[in-house]
Amino acid sequence: MSLDINKILSANGIAAVIRQDGPLKVFTPVSGEQIASLNVASAAEVEQAVITSQAAFAAWRKVPAPRRGELVRLLGEELRAGKDALGQLVSLESGKILQEGLGEVQEMIDICDFAVGLSRQLYGLNIASERPHHRMMESWHPMGPCLVVTAFNFPVAVWAWNAALALVCGDSVIWKPSEKTPLTALAVQAIFERVCTRFGAAPAGLNQVLIGGRECGEQLVADARIPLISATGSTRMGRAIAGVAAQRFARTILELGGNNAGIVCPSADLDLVVRAVAFAAMGTAGQRCTTLRRLIVHASVYDQVIAALKNVYQQVRIGSPLSKDSMIGPLIDKAAFDAMHSALEAAVKDGGKVSGGERVTDAGAHAYYVRPALVEMPAQTDIVRHETFAPILYLLKYETLEQAIALNNGVPQGLSSSIFTGNMREAELFVSALGSDCGIANVNIGPSGAEIGGAFGGEKETGGGRESGSDAWKGYMRRATNTINYGSDLPLAQGIEFSV
Ligand code: NAD
């Protein structure tokens with residue numbers, strides 16, 4: 001392989017880790033070859049990390065929020081300086097094209113900027129009291145150690161969405177990255193440690209990374225000293241975590257699978273549709289939680305849309321994500337390829353007509369590059385209702401907008417959705433209470449990707465969590481309602497008399 005892996009690891013300050021000889025084998029999907037074998041956190045190390053995180057929290061919550069914001073400002077500064085190196089590592093380890101690797105680091109920078117401003121805006125409320133000489137207020141306090149569990153496909157941005165907010169909110173952080181992308185986590189931790197040195201007064205262990213698989217995550221999720229769990233990954237993982245967390249009444253922010261649709265109306269700008277669909281359905285090789293997986297097209301423009309898409313799908317450049325020419329990189333591993341192929345087989349059994357989906361093999365036996373697939377379906381069958389984490393776009397036909405909205409909403413997941421239309425009534429209906437039931441509903445842009453200013457997350461099996469912008473910060477703090485009596489009488493609420 002022409003890649004200089006050592007150079008990328010050195011540029012990220014983690015060249016030393018590849019000298020480890022631990023049980024966790026790390027592969028690059030670019031060529032399928034092994035690039036590191038890491039040690040994993042033992043149960044005793046996980047226990048120690050929780051103790052350290054509690055101590056870090058006890059100290060960090062005393063630091064005024066705008067000072068905490070200064071640490072996050074420095075994090076943004078270091079990320080700007082390290083953007084190219086980290087972007088390359090993201091690309092190498094997750095397989096997304098370099099432009100998207102860099103975009104992911106930019107997202108980290110953006111959330112840092114957002115969180116710095118937020119550090120002076122963690123507003124509470126003053127509330128009118130029904131009692132004379134009383135004032136009520138609502139205040140927000142740091143919550144405690146926050147566990148952040150992340151998936152392979154956004155190996156660093158999801159940590160940043162959570163950590164930047166958690167840190168300004170006064171929480172300490174324990175990060176359990178995906179076992180498929182631990183190197184990027186170690187690189188970010190190296191950056192974070194530089195930030196702490198520059199900041200000067202950060203408590204030890206304010207952000208800790210624990211390398212390991214599901215067991216490591218399970219031990220942390222079960223630990224009653226961690227009041228807040230933010231977990232991103234499959235619905236299967238979310239279901240397991242939610243059950244354990246509910247038993248101990250931990251708070252969860254769950255960001256799980258999506259099965260995102262786009263509706264193409266007769267008045268849509270079809271040229272724009274094709275460009276939007278190309279990125280939303282094929283970008284990141286279909287491995288985004290917000291990837292467009294279902295396109296619901298009005299019968300009057302169906303043939304035209306399919307013909308244009310088939311053309312684009314045939315031409316899209318597939319190849320090494322580190323090459324400037326590539327638009328589509330590899331799938332993460334063989335399991336992802338096998339899942340894609342079983343889904344295509346199931347779709348054919350259900351009457352689907354597949355084009356694309358074949359493996360592009362010249363990158364080596366263990367690298368899984370595929371041509372994205374278009375599948376014309378006679379109906380929204382079980383396989384269409386299931387999230388397959390690969391570039392498969394199911395095409396469905398509709399006659400009335402009510403049918404299209406019913407199809408959009410007729411899946412267990414509720415993350416993202418779009419409508420393409422020039423008709424204001426259709427657009428407004430789609431974003432109204434009678435329209436899309438997803439956490440994200442867009443007009444004339446694809447469902448994939450998001451800006452950090454809005455709250456990110458979805459309903460139903462997507463888990464209900466919200467991260468990133470808007471008031472998502474409230475998820476990282478505890479709310480206290482305070483009633484203050486500045487008089488000498490003691491009136492009770494609701495006029496209750498109780499004199500002794
Ligand atoms: P995954 O569920 O296999 O793993 C995600 C993380 O959860 C990993 O760190 C894993 O070690 C950990 N984990 C798994 N089981 C656990 C358990 N029982 N307890 C604690 N931790 C556990 O997901 P993946 O294959 O890495 O990522 C792909 C999935 O993530 C897709 O379904 C995608 O839609 C979803 N995703 C969702 C969002 C979102 O914001 N909604 C964002 C990115 C990815």
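These numbers come from a predicted model, not from an experiment. Start at 1 and go down the list; that is how both ligands and their atoms are numbered. Every heavy atom of this structure was used, including side-chain atoms; hydrogens, water molecules and symmetry mates were not.
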Closest non-hydrogen atoms of L344 and A373, given as atom of the first, atom of the second and distance, are CD2-CB, 4.0 Å

Please report which non-hydrogen protein atom sits nearest to atom 13 (N) of ligand 1, along with the residue it belongs to and the distance in Å to one decimal place. M237 CG, 3.5 Å

Among all protein heavy atoms in this structure, tell me which lies nearest to atom 26 (O) of ligand 1, with the distance rounded to 0.1 Å. F152 N, 3.2 Å

Tell me the protein heavy atom at minimum distance from atom 17 (C) of ligand 1, and give that distance in Å. R214 CG, 3.6 Å

Closest protein heavy atom to atom 2 (O) of ligand 1, given as residue, atom name and distance to 0.1 Å: S234 OG, 2.6 Å

With a cut-off of under 6.0 Å to the ring centre and 45° to the axis, is K334 in cation-pi contact with F27? no

Taking NZ, NE, NH1 and NH2 as the nitrogens, is one of them in R239 or E461 under 4.0 Å from a carboxylate oxygen of the other? yes

Heavy atom of F154 under 4.0 Å from ligand 1? no

Just wondering, more than 12 heavy atoms not from K83 lying within 6.0 Å of its NZ? yes

Is it the case that over 12 heavy atoms from other parts of the model lie below 6.0 angstrom from the NE2 atom of H341? yes

For W175 and W159, take the angle between the two ring planes, folded into 0 to 90°, and tell me which bin it lands in: parallel under 30, tilted 30 to 60, perpendicular over 60. parallel

If we ignore hydrogens and angles and just use 3.5 Å, is the side chain of T252 paired with the main-chain N or O of L254 as donor and acceptor? no

Looking at S417, is its backbone amide N or carbonyl O close enough to the side chain of N260 to form a donor-acceptor pair, meaning the two atoms are under 3.5 Å apart? no

Show the atoms of ligand 1 that are less than 4.0 angstrom away from any heavy atom in G257. 32 (O), 34 (O)

Less than 6.0 angstrom from the centroid, inside 45 degrees of the normal: does R359 satisfy that with respect to the ring of F337? yes

For atom 44 (C) of ligand 1, the option (of V244, N153, T291, T235) bearing the nearest heavy atom: N153

Ligand 1 atoms in contact with K176 (distance to a heavy atom under 4.0 Å): 8 (C), 9 (O), 10 (C), 11 (O)

Work out whether the distance between some heavy atom of G212 and some atom of ligand 1 is less than 4.0 Å. no

Are the side chain of R248 and the backbone N or O of V221 linked by a donor-acceptor pair below 3.5 Å? yes

Starting from atom 5 (C) of ligand 1, find the nearest protein heavy-atom neighbour and note its residue, name and distance. T232 O, 3.6 Å

Contact (N/O only, under 3.5 Å) between L256 and ligand 1: yes

Donor-acceptor pair between T290 and S416 side chains, under 3.5 angstrom: no

Using a 4.0 Å heavy-atom cut-off, say whether P177 meets ligand 1 through its side chain, its backbone, both or neither. backbone

Side-chain H-bond candidate by donor/acceptor type, E100 with T284, under 3.5 Å: yes

Who's the nearest protein heavy-atom neighbour of atom 33 (C) of ligand 1, and how far? F389 CE1, 3.3 Å

By number and element, which atoms of ligand 1 are closer than 4.0 Å to a non-hydrogen atom of E387? 31 (C), 32 (O), 33 (C), 34 (O)

Which residue holds the protein heavy atom closest to atom 6 (C) of ligand 1, what is that atom called, and what is the gap in Å? T150 O, 3.3 Å

Which part of A240 is near ligand 1, with near meaning a heavy atom under 4.0 Å away: side chain, backbone, both or neither? side chain

Which of the atoms of ligand 1 are close to V149, meaning less than 4.0 Å from one of its heavy atoms? 6 (C), 7 (O), 9 (O), 12 (C)

Heavy atom of R236 under 4.0 Å from ligand 1? yes

Per-atom filter on ligand 1: closer than 4.0 angstrom to a heavy atom of E179 are 8 (C), 9 (O), 10 (C), 11 (O)

Among all the protein's non-hydrogen atoms, which is closest to atom 4 (O) of ligand 1, and how far away is it? G233 CA, 4.6 Å

